[in-house]
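Below, each value reflects all heavy atoms present in this structure, side chains not excepted, and no hydrogens, waters or symmetry copies.
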Amino acid sequence: MSEFLIFFFVGSLAQLVDGALGMAYGVISSTVLMSFGVPPSVASASVHTAELFTTAASGTAHIANRNIDWKLFWRLVPFGVLGAVLGTYVLTSIDSSSIRPFVAAYLAVIGVMLTLRSFRKLPRAQTPMALVPPLGAAGGFLDSVGGGGWGPIVTSGLLGAGGQPRYVIGTVNAAEFLITLSVSLSFLVALLTGHWEEAGDLTDHALSVLGLIAGGVLAAPLAGYAVKRIPERLLLRIVGLLICALALQQLYGILSKM
């Protein structure tokens, strides 16, 4: 029960942040899971299982509120799915201990990026559509490998290129459900075909996944209220520093075992 409550809180916090900023649910959840010693591939699978529920709720809300740029959506999704499937193949085909330092470093970079982003003003201009394919592929790949990254990579990239916040956040969140679904199906294929040796660990973290799901679904309706009350830059800065701290903890744990 204590494990469930811990991840219930983590899932709630992550969903509040994700709902307010269009990013960070996967990064926060996977970082905390790996800080508990969960292998990267298992952490990614666990987070994406939880996100099947939270992204469905988030995407539905954005569609209902007409926050979707459908032209951007259909250009973004295919490349995001391609990158996500490739990332899943990489995670389930190699020893997780060899990729853990790279994932920890990636999360540290994401944390620094979010922190720095909170100190600058984003430009406002037409989003260059040529940027969408590579950004979607990179976001999907890193989301799968790191258990999070679709929002930080894609949302930040599109906003940095001048995209309108309402439609960028709404479109990226709606697309995330299909990215999450593709990652989950890829993990399932790897499990059924025997290409994932660490899959047995999934049953050991069932309470963590249930906690992430329950916390995320419950917090989803509160995200709109949070974004009205907490300044975006302050919230983004707190998240960036939190991710940096957790990533440094992981790196310290890796170096202490060498």
Side-chain angles (χ1 to χ4, degrees), residues 1-62 64 103 107 110-111 114 143-144 146-152 155 169-170 172-181 183-184 187 201-230 232 234-247 249-250:
M1 180 57 67
S2 61
E3 180 181 354
F4 174 85
L5 291 176
I6 289 172
F7 285 95
F8 178 88
F9 173 77
V10 171
S12 300
L13 174 63
Q15 183 57 43
L16 283 173
V17 174
D18 192 86
L21 301 174
M23 63 180 77
Y25 180 89
V27 176
I28 293 175
S29 301
S30 61
T31 302
V32 174
L33 277 171
M34 286 191 288
S35 71
F36 275 74
V38 179
S41 58
V42 178
S44 181
S46 300
V47 169
H48 283 94
T49 299
E51 283 189 316
L52 282 173
F53 298 87
T54 59
T55 57
S58 179
T60 300
H62 282 294
V103 175
L107 292 172
I110 293 294
L114 293 178
D143 189 83
S144 180
W150 173 255
T155 301
I169 292 174
V172 171
N173 275 347
E176 188 174 13
F177 172 74
L178 295 179
I179 307 304
T180 299
L181 180 61
V183 172
S184 299
F187 276 119
D201 293 335
L202 282 173
T203 57
D204 298 332
H205 306 286
L207 283 178
S208 300
V209 177
L210 289 175
L212 291 176
I213 293 172
V217 170
L218 184 63
L222 301 177
Y225 179 81
V227 74
K228 293 180 181 179
R229 297 297 180 183
I230 304 176
E232 178 180 323
L234 175 60
L235 188 58
L236 191 61
R237 199 167 302 162
I238 293 172
V239 173
L241 292 173
L242 173 62
I243 294 171
C244 286
L246 292 172
Q249 179 186 7
Q250 288 186 49

*With rounding to the nearest 0.5 Å, note down the distance linking CH2 in W150 to CG in N173.*
10.5 Å

_Residue pair L52 / L181, side-chain heavy-atom distance below 4.5 Å_ = yes

*Just how far is it from atom CZ of F4 to atom CG of L212, taken to the nearest 0.5 Å?*
9.5 Å

*Evaluate the side-chain proximity of L218 to F8: yes if any heavy-atom separation is below 4.5 Å, no if none is.*
yes

*At what distance, to the nearest 0.5 angstrom, does OG1 of T55 lie from CG of L178?*
8.5 Å

_To the closest 0.5 Å, what do you measure between CG (L210) and CZ (F53)?_
9.0 Å

